[in-house]
Every structure is written in C-alpha cells, then in structure tokens.
Number of protein chains: 2
Amino acid sequence: MSGTRHPPEGRPATFELVLRHIEGRLTSGDLRPGDRLPPERELAARLGAGRQSVREALRVLQAQGVIRSQVGTGTDSGTVVVPAPARALTRLLRVHLAVDSFPMRDVTEARVMLERFSAGLAARRRAAPDLERMSDALAAMDADLDRERFSDLDTAFHVAIAESAGNRLVGELTVAIRESVRATLLGAMLGDEDWARLRDRLRAEHREIHAAIDGGDGARAADLVEAHIRAFHGRVPPT
Amino acid sequence: MSGTRHPPEGRPATFELVLRHIEGRLTSGDLRPGDRLPPERELAARLGAGRQSVREALRVLQAQGVIRSQVGTGTDSGTVVVPAPARALTRLLRVHLAVDSFPMRDVTEARVMLERFSAGLAARRRAAPDLERMSDALAAMDADLDRERFSDLDTAFHVAIAESAGNRLVGELTVAIRESVRATLLGAMLGDEDWARLRDRLRAEHREIHAAIDGGDGARAADLVEAHIRAFHGRVPPT
DNA sequence: GGTGGGCTATGGTCCGACCAAGACCAGGAC
DNA sequence: GTCCTGGTCTTGGTCGGACCATAGCCCACC
C-alpha cells in the first residue's frame with residue numbers, strides 16, 4: 001500500500017490490498033465479531049491509501065455480510081464486525097437469479113436437497129425450543145392472513161426447521177435460497193387456484209411435517225418436505 | 001438520486017440507490033450477461049450521483065460476481081456483465097469461515113450433502129464429456145505430484161462430478177465450499193501420515209467413485225463420496 | 001441538579017484532478 | 001506498400017479536500 005505512490009502498476013488495485021489486509025486481520029483473529037474497525041480516515045492514513053480505496057474495501061465486506069457501518073460517535077457507531085451471512089447470500093443469489101446464472105428448476109432441486117437434509121436432522125435432534133418455534137409459526141398461520149404475511153410465516157416455519165438441524169451453514173443457505181425466491185413464490189400464490197383452498201392445503205402439509213419431526217421420523221419428514229416443496233414449485237413458471 | 005441534493009436524509013444511501021437501479025435493469029432483462037454498462041462518469045451524470053457512489057455500487061456488484069471491470073477502450077473494456085457466482089461465493093464463505101460464522105464440522109456435513117447429491121445425479125446422467133473430464137483428472141493425478149498440485153486436481157475431479165449433475169446452482173455451491181476450505185485441506189495433507197500412502201489411498205477412492213458413476217450406480221457413488229470426504233475431513237482439526 | 005445547546009467524531013457524498021492501461025489512428029521510416 | 005512509432009482518447013483507479021447529517025458527549029446556564 002505504502003509502496004510506490006499513486007498508481008496500480010502491475011500490483012493489484014489498492015482497494016484490493018486494503019481488503020486483503022482486513023481479511024488477514026479477520027483470519028488471524030486480530031479482528032473478531034463485535035470489534036470496531038478504525039475510522040475510515042485513520043485506516044486510510046495508516047495504510048497509506050486514500051479514503052476512497054478504504055471505502056470500497058469496506059463496501060465489499062459489507063456486501064459479504066461481515067461488517068456493519070453507521071454514523072455517529074456512540075459505542076455502536078463506526079464500522080463493526082457483525083457477521084450476517086444469510087442477508088449477503090440472499091442478495092447474491094437473487095441477483096444471479098435475475099441474471100440467469102441458474103434456472104429456477106435448479107433452485108427447486110437445491111431447496112429439496114437442503115430441506116430434506118434439515119428435516120431429517122431436525123427429526124433426529126428434536127430440539128424443544130425449535131419445535132416450539134415451529135408450532136408458533138403454525139399457530140400464527142391459522143389466522144386469516146393475506147398472501148404476503150402467510151408467506152413470511154411460511155418462511156419462518158422452514159427456517160426454524162433448518163436451524164433446528166444444528167448446521168449453521170446449511171441453515172444460512174436454506175434461508176438465503178428461500179428468501180431469494182420469495183418474490184417469485186409470492187407471485188405463484190396469485191395463481192388461478194382459490195387462495196383459501198391453497199392456504200388450507202399448505203397448513204395441512206405443514207402440520208404433517210411438524211408431526212413427523214416431533215415424532216422423530218426423519219425419513220418421513222424428509223419425504224413430506226420434498227413433496228411440499230415440489231407441489232408448490234410446480235406452480236412456478238420455469239426459469 | 002436526482003432528488004434533494006447532497007445528503008442522505010431519511011432515504012437510503014446514494015450508492016444503495018445506484019445499486020438498486022442496476023439490479024432493476026438486470027432483473028428486467030434490460031441488462032444481460034455480456035452487455036456493457038455505461039462508463040462510470042456517464043452513469044453518475046445520468047443518475048445525478050457522484051462518481052464515488054457509482055463506484056461503490058459497482059464494487060458491490062463485482063463482489064457478488066456479477067460484473068467485471070477493466071480499463072482501456074476496447075470492446076471488452078469498461079464494465080461488463082459477466083456472471084461468475086462461484087468465485088464470489090468462495091470468497092464470501094471463506095471470510096465467514098475466518099470469522100467463525102460456522103464451524104468446520106458444518107462445512108464437512110454440507111459438503112457431504114452436496115456431493116452425495118451430485119454423485120447420485122451424475123451416475124444417473126452419465127454424461128460422456130464429464131466422465132472424460134473425470135478420467136483426465138484421475139490420469140493426471142497418477143504423476144508424482146506435490147500436495148498442492150494434487151489438491152488442485154482433486155478439486156477438479158470433484159468439480160467435474162458436481163457439474164455433471166446438471167445443476168448449476170449446486171455445482172457452484174460445491175465449488176465454492178470446496179475452494180473456501182482449500183487452504184485448510186492442504187494443511188491436513190501435511191499430517192503425520194506418509195504422503196505417498198495417503199495419495200495412493202485417495203487415488204484408489206477416486207477410481208472407485210468414478211467406476212460407480214460410470215456404472216450408473218448412484219447410491220454406491222454417493223456412499224463412496226461420503227466415505228471419501230469424511231475420511232479426509234477426519235484429519236482436519238475442528239473449527 | 002437538571003436540561004439544552006454547541007462540540008466532535010464518524011460515515012456519506014461530491015468535485016476536480018491526475019495516473020495508467022489499452023485501443024486506435026496518423027505519420028514517418030524502410 | 002508495409003511496418004513501426006508516437007500521440008490521443010476513452011475508461012477505470014486513486015488521491016485530496018471539502019462539506020453534510022447523525023449521534024453521543026460535555027459544559028454552561030438556569
């Protein structure tokens with residue numbers, strides 16, 4: 001950074017060097033979740049870079065869901081290391097969906113794979129607090145809700161299953177994939193079929209899944225989840 | 001953007017608005033892979049924003065693996081929409097691994113899930129060109145290689161399987177997860193066991209997997225892959 | 001002792017300037 | 001005529017300085 005002045009001659013871009021510097025501090029454990037980074041101006045001065053380069057590096061880390069920034073002087077102000085993979089993953093997948101990096105069909109299959117995995121593990125573990133969260137979501141879904149609210153609770157139910165599997169990575173991936181197709185799924189709920197009827201069917205399927213997990217029947221839970229997802233994605237137009 | 005001048009009063013940050021604008025053009029199909037974006041200066045002028053804000057938005061898209069930038073005047077110069085999800089995913093996962101968003105154990109389980117899925121599907125499809133790529137990687141691995149080169153070919157073999165499954169999303173995820181733990185895996189190859197012996201064992205396992213896929217035995221291929229991964233990750237220190 | 005108004009630190013933004021890479025073009029050397 | 005050569009123009013990369021808005025903090029004043 002503090003090498004030959006100004007320009008990017010041969011070596012990587014300055015913001016990239018700043019990025020690597022911070023990544024290095026994260027990897028070495030020098031920076032941990034909850035820690036504050038130096039102010040942008042100070043970081044720039046310390047690395048012999050301009051503030052713009054520092055900001056671009058920070059923007060990348062923000063896009064990766066590693067840091068959060070906010071103005072002000074308080075304890076929580078400035079730039080803090082706050083890992084939030086799901087949001088970053090969601091946005092990444094969504095934009096790639098938009099740009100046709102992969103077809104909707106692949107997303108469906110991936111969801112089936114992830115949620116079968118989660119349901120199977122959740123049934124083996126049967127963690128009480130997670131089971132309760134699922135029940136809560138189901139109960140809330142019994143109200144007379146519009147599509148949007150229903151969909152959010154639907155997601156909450158599936159997320160509870162994913163997190164109950166005890167695998168954070170798979171949990172985050174499940175959330176991300178589900179969220180990234182939220183708009184598409186919502187659109188599918190507007191199909192020709194009667195909303196009330198569709199809603200009832202989804203509720204019934206959810207209860208079956210919940211019962212299977214609660215009963216410790218992982219294989220059945222996985223099969224039910226797969227059927228549940230496929231039935232719904234069948235309503236989604238391809239690609 | 002062209003609203004009230006300068007400041008972020010209430011509304012989202014300017015770079016965020018620029019980002020949404022471009023995302024919108026991607027979603028609507030107005031911008032497609034291969035298309036060039038306007039020059040930064042022009043984009044800034046058109047949106048009534050400063051160049052810095054535009055650059056930060058572009059940096060985010062670059063971090064998401066959606067665009068590629070390079071200086072110059074040629075046809076390929078400037079900023080172009082070039083989706084490359086795997087690289088972006090790799091980097092995202094790696095930094096979250098560094099920051100302990102999830103333990104190594106979760107990564108192992110996720111790999112098992114993904115690669116079981118891929119192996120099973122690859123065996124059902126038995127795509128000739130992919131099978132050949134696998135053979136090529138295996139043949140190359142027969143040479144007397146150091147750990148690093150061997151590891152790269154190892155990755156190439158597994159990636160070939162993933163892509164042979166015909167699911168691009170799962171393929172990209174497989175590549176990303178594998179790449180993100182590349183350094184860790186390499187470290188594990190330096191264990192106490194004799195390198196030549198370990199290498200022979202990996203070769204033998206790879207050949208078995210290849211044979212199962214080539215023979216169309218998806219269940220066996222999946223089981224072999226799982227054993228293969230677990231055996232190796234068993235050498236990796238936890239978290 | 002409580003409260004309100006500056007003070008200050010910090011991220012967000014704009015502007016103008018310059019650098020380096022790369023393609024293209026004009027003009028001269030052979 | 002062909003081939004090099006140097007200039008020019010476009011474009012991303014970078015810096016420095018300036019200003020804004022936000023949000024704690026502190027001190028003077030009531």
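Below, chain A is the first sequence line, B the second, and so on; all start at residue 1.
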How many Å lie between [atom1] on [X] and [atom2] on [N], as a whole number?
{"X": "A/Glu56", "N": "D/dG13", "atom1": "CD", "atom2": "C1'", "answer": "8 Å"}
{"X": "A/Gln70", "N": "C/dA9", "atom1": "CD", "atom2": "P", "answer": "18 Å"}
{"X": "A/Glu16", "N": "D/dT14", "atom1": "CD", "atom2": "C1'", "answer": "15 Å"}
{"X": "A/Glu42", "N": "C/dA9", "atom1": "CD", "atom2": "C1'", "answer": "12 Å"}
{"X": "B/Leu37", "N": "D/dG12", "atom1": "CG", "atom2": "P", "answer": "9 Å"}
{"X": "A/Leu43", "N": "C/dA9", "atom1": "CG", "atom2": "P", "answer": "18 Å"}
{"X": "A/Arg11", "N": "D/dT14", "atom1": "CZ", "atom2": "C1'", "answer": "10 Å"}
{"X": "A/Arg51", "N": "C/dA9", "atom1": "CZ", "atom2": "P", "answer": "14 Å"}

#### Entry: OP1 or OP2 of D/dG13 under 4.0 Å from side-chain N/O of B/Arg55
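For D/dG13, OP1/OP2 do have a side-chain N/O of B/Arg55 under 4.0 Å.
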### Query
Taking only side-chain nitrogens and oxygens of B/Ser69, does any of them come within less than 4.0 Å of OP1 or OP2 of D/dT11?
no
Exam field: side chain [X] to backbone [Y], donor-acceptor pair closer than 3.5 Å:
{"X": "A/Ser151", "Y": "A/Arg147", "answer": "no"}
{"X": "A/Arg125", "Y": "A/Ser164", "answer": "yes"}
{"X": "A/His21", "Y": "A/Leu17", "answer": "no"}

### Query
Nearest nucleotide by nearest heavy atom, which residue falls closer to the 5' end of DNA chain C, A/Arg59 or A/Gln52?
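Checking each residue's closest nucleotide, the 5'-ward one belongs to A/Arg59.
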### Task
Mark yes or no for a side-chain to base donor-acceptor pair under 3.5 Å between A/Arg68 and C/dG11, with no hydrogen or angle criteria applied.
no
### Query
In this structure, are over 12 heavy atoms from other groups packed under 6.0 Å from A/Arg149 atom CZ?
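Open.
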Among the candidates [options], find the nucleotide nearest to the side-chain atoms of [X].
{"X": "A/Glu40", "options": "D/dG13, C/dT10, C/dG12", "answer": "C/dG12"}
{"X": "A/Val71", "options": "C/dG11, C/dT13, D/dG13", "answer": "C/dG11"}
{"X": "A/Ser53", "options": "C/dT10, C/dC14, D/dT14", "answer": "D/dT14"}

## Note on the structure
What residues 74-82 of chain A contributes to the DNA chain D interface at heavy-atom separation below 4.0 Å is A/Gly74
### Query
Are any of the side-chain heavy atoms of B/Val81 and B/Arg32 separated by less than 4.5 Å?
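A side-chain contact is absent here, since even the closest heavy-atom pair is not under 4.5 Å.
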#### Entry: A/Arg178 and A/Glu115 ion-paired at < 4.0 Å
yes
### Task
Using heavy atoms to find the nearest nucleotide of DNA chain D for A/Arg41 and A/Thr73 separately, return the residue whose nucleotide is more 5′.
A/Arg41
### Task
Select base, sugar-phosphate, or nothing to describe what A/Gly72 touches, counting heavy atoms under 4.0 Å on all strands.
base
### Task
Indicate the ring-plane relationship of A/His158 and A/His206, choosing parallel, tilted or perpendicular according to the 30° and 60° boundaries.
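Judged by the thresholds at 30° and 60°, the geometry between A/His158 and A/His206 is perpendicular.
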